[in-house]
Peer 1: 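What follows is a structure written as structure tokens; I'll ask about it next.
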Protein chains: 2
Amino acid sequence: MGTTGRRLRADAERSVRTILEAAERLLRENPGATMEQIAEAAGVARATVHRRFASREALIETMTISAWQEIAEAVDAARPYTAPPLVAMHQATANVLQIKSGWRFALGALPQSGAEAARIHDEVMAKCDVVFTRAREAGLLRQDADPLWARQVYLALIGEAAHSSAAAKPLSGGDLDALATRVIDTLLHGLAPHRPT
Amino acid sequence: MGTTGRRLRADAERSVRTILEAAERLLRENPGATMEQIAEAAGVARATVHRRFASREALIETMTISAWQEIAEAVDAARPYTAPPLVAMHQATANVLQIKSGWRFALGALPQSGAEAARIHDEVMAKCDVVFTRAREAGLLRQDADPLWARQVYLALIGEAAHSSAAAKPLSGGDLDALATRVIDTLLHGLAPHRPT
DNA sequence: GATATCTGCAACACTCACGTCTCAGTTAAC
DNA sequence: GTTAACTGAGACGTGAGTGTTGCAGATATC
């Protein structure tokens, strides 16, 4: 799918988009949702879904790849290699939250190894680790902090933040910054009162 | 199921246990696992599974209830109302980690409202909130911390800690305390270096 | 040791989702 | 305006999973 041969006609391309969005919306609430239901939600005949995606599996794979590509772009846009670590973290967090709130299903389970999405996923993780290393060198993280645990916690916090923004669909810029701040702040300082300096 | 009429014979009771454990093990890795596969993993005929559990749905519900009951006991054992907040938190965390690492599937998705499991779940959450309130009053948490966010972060950290202990099955007492300490410490102080007091 | 219960095996009916195909009508592209 | 691509509708075959049943043999229970 996706990179399959000839360009699609404009309306077909629109169908693909609509189906992907509907699938995300449905599968988010019920991972067992039917192709029938997805088609209906997309305002399209079931046959059309099968025309655009060889199988249910292929549909989900396309969703996953698409979502991870957006995540990768979101991370890159934060200039993880050059921006000051705290800035990069905040910016990346905000960007990723934006994407993640829209692809909660597709990004839910980590892509199975071997898949194209897994490659992108690994790239993103690598960049994430770079930022964390830079953050540690800048004194933002403890020297002795377990890098794996740090990343794990960070990703979990992002997940939770994206989850809590389930209600508000559009997620304005202000909300994004507030959420990102909360994530970073919790990650770095936890929820205990700040010690007097 | 479970509370259905007459007592089961000893061997039947054993079957039930075996099936529940096998189901947890299988479904953890593949939520779409078949009754057939579960039966095989339990070393039992498929028909037997259906004899003990009216339907796949019933099987999963029993698992969920059972798991949440254990969680509730784990929390109670930490004396959330009377022990010093930090002690209660640590103890409850360790206890819950123990249970959660064994029921990762059953405790994965929050029980659908109306179900028996949901009642227990709510009770547990209420007790969790009590501990957090006490912790705040004791100065362990910021006065202005959003209680929902605090709980969300706490649960997420527990989830991550239980996840990382996937490899080591038995999870010795020492491991438990180490994990619990890590969870509480991260929750309260984050990953930044401690400020000089 | 008599009895009720549990089990494996094997067959069965049933449902449901998937994927395919055809055809007539619509719509973009050039 | 012609052509090629796309779509909806409907029917079809298929496979897999579910849940049921009957029976003969094993096993707890008293």
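So that the names make sense, note that chain A is the first sequence line, chain B the second, and so on, each numbered from 1. All values below were derived from every heavy atom in this structure, side-chain atoms included, with hydrogens, water molecules and symmetry-related copies excluded.
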Peer 1: Hey, are A/E24 and A/R28 close enough for a salt bridge, meaning a charged N less than 4.0 Å from a carboxylate O?
Peer 2: yes
Peer 1: In whole angstrom, give the distance that lies between atom CZ of A/F53 and atom P of D/dC6.
Peer 2: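 Distance check: A/F53 CZ to D/dC6 P gives 13 Å.
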Peer 1: Of A/E13 and B/A10, whose closest DNA chain D nucleotide lies nearer the 5' terminus?
Peer 2: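 Result: A/E13.
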Peer 1: Please state how far atom CG in B/L59 lies from atom P in D/dG17, giving the value in whole angstrom units.
Peer 2: 16 Å
Peer 1: Of the non-hydrogen atoms in A/A22 and A/I38, which two are nearest, and what is the gap between them?
Peer 2: CB-O, 4.0 Å
Peer 1: I'd like to know if B/R46 reaches the base of D/dG17 with its side chain such that a donor and an acceptor end up less than 3.5 angstrom apart.
Peer 2: no
Peer 1: Whole angstrom is fine here: how far is it from CG in B/D11 over to P in D/dT29?
Peer 2: 7 Å
Peer 1: Is any side-chain N of the basic residue among A/R9 and A/D11 closer than 4.0 Å to the acidic one's carboxylate O?
Peer 2: yes
Peer 1: Less than 4.0 Å between a side-chain N and a carboxylate O, is that true for B/E13 and B/R17?
Peer 2: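 A salt bridge is absent here (no side-chain N lies under 4.0 Å from a carboxylate O).
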Peer 1: Could you go step by step and tell me if A/R119 and A/E116 meet the salt bridge (Lys or Arg N to Asp or Glu O under 4.0 Å) rule?
Peer 2: CA-CA 5 Å; A/R119 228 208 53 238; A/E116 163 71 1; 3.0 Å; yes
Peer 1: Quick check on the hydrophobic clustering: are B/V131 and B/V87 connected, directly or via other members, by side-chain heavy-atom contacts under 4.5 Å?
Peer 2: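 Looking at the clustering, B/V87 is in a separate group from B/V131.
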Peer 1: Please report, rounded to the nearest Å, how far the P atom of D/dT20 is from the NE2 atom of B/H50.
Peer 2: 7 Å
Peer 1: Taking a hydrophobic cluster as the set of Ile, Leu, Val, Met, Phe, Trp and Tyr residues connected by side-chain heavy atoms closer than 4.5 Å, whether directly or through intermediates, do B/V130 and B/L141 fall within one such cluster?
Peer 2: no
Peer 1: Let me test you: for the helix from C/dG1-D/dC30 to C/dC30-D/dG1, what is the angle between the axes at its two ends (five pairs each), rounded to 10 degrees?
Peer 2: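 The end-segment axes of the helix from C/dG1-D/dC30 to C/dC30-D/dG1 are tilted 50° relative to each other.
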Peer 1: Enumerate the residues from residues 29-40 of chain A whose closest heavy atom to DNA chain D is under 4.0 Å, giving them by residue number; use none for an empty result.
Peer 2: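 None - not one residue of the stretch has a heavy atom sitting under 4.0 Å from the strand.
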Peer 1: For atom CD of A/E40, is the number of surrounding heavy atoms from other residues, nucleotides or ligands below 6.0 Å larger than 12?
Peer 2: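 12 or below, so no.
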Peer 1: Hydrogens and angles aside, do B/R51 and B/T48 bring a side-chain donor and acceptor to less than 3.5 Å of each other?
Peer 2: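 A pair is found: one side chain offers a donor N or O, the other an acceptor, under 3.5 Å apart.
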Peer 1: So, is A/R52 close to the D/dT7 phosphate, meaning a side-chain N or O under 4.0 Å from OP1 or OP2?
Peer 2: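 Checking A/R52 against D/dT7: at least one side-chain N or O falls below 4.0 Å of OP1 or OP2.
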Peer 1: So if you build clusters from Ile, Leu, Val, Met, Phe, Trp, Tyr with side-chain heavy-atom gaps below 4.5 Å, do B/I60 and B/L110 land together?
Peer 2: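 Per the 4.5 Å side-chain linkage, B/I60 and B/L110 are not co-clustered.
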Peer 1: Between D/dA9, D/dT7, D/dG19, spot the one nearest the side chain of B/R56, thanks.
Peer 2: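 Per side-chain heavy atoms of B/R56, the pick is D/dG19.
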Peer 1: To check you understand the geometry: which heavy-atom pair defines the closest contact between A/A161 and A/V183, and what is its length?
Peer 2: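 Scanning both residues, the minimum pair turns out to be CB-CG2, 3.6 Å.
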Peer 1: Taking 4.0 Å as the cut-off, does a side-chain nitrogen or oxygen of A/S15 come that near to OP1 or OP2 on D/dT7?
Peer 2: yes
Peer 1: With nearest nucleotide decided by heavy atoms, which residue, B/E57 or B/R14, maps closer to the 5′ end of DNA chain D?
Peer 2: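 In this pair, the answer is B/E57.
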Peer 1: Reading DNA chain C in the 5' to 3' direction, which nucleotide is the first one with an atom under 4.0 Å from a heavy atom of chain A, and which is the last?
Peer 2: C/dA17 to C/dA29
Peer 1: Can you tell me how far P of D/dT29 sits from CG of B/L8, to the nearest Å?
Peer 2: 11 Å
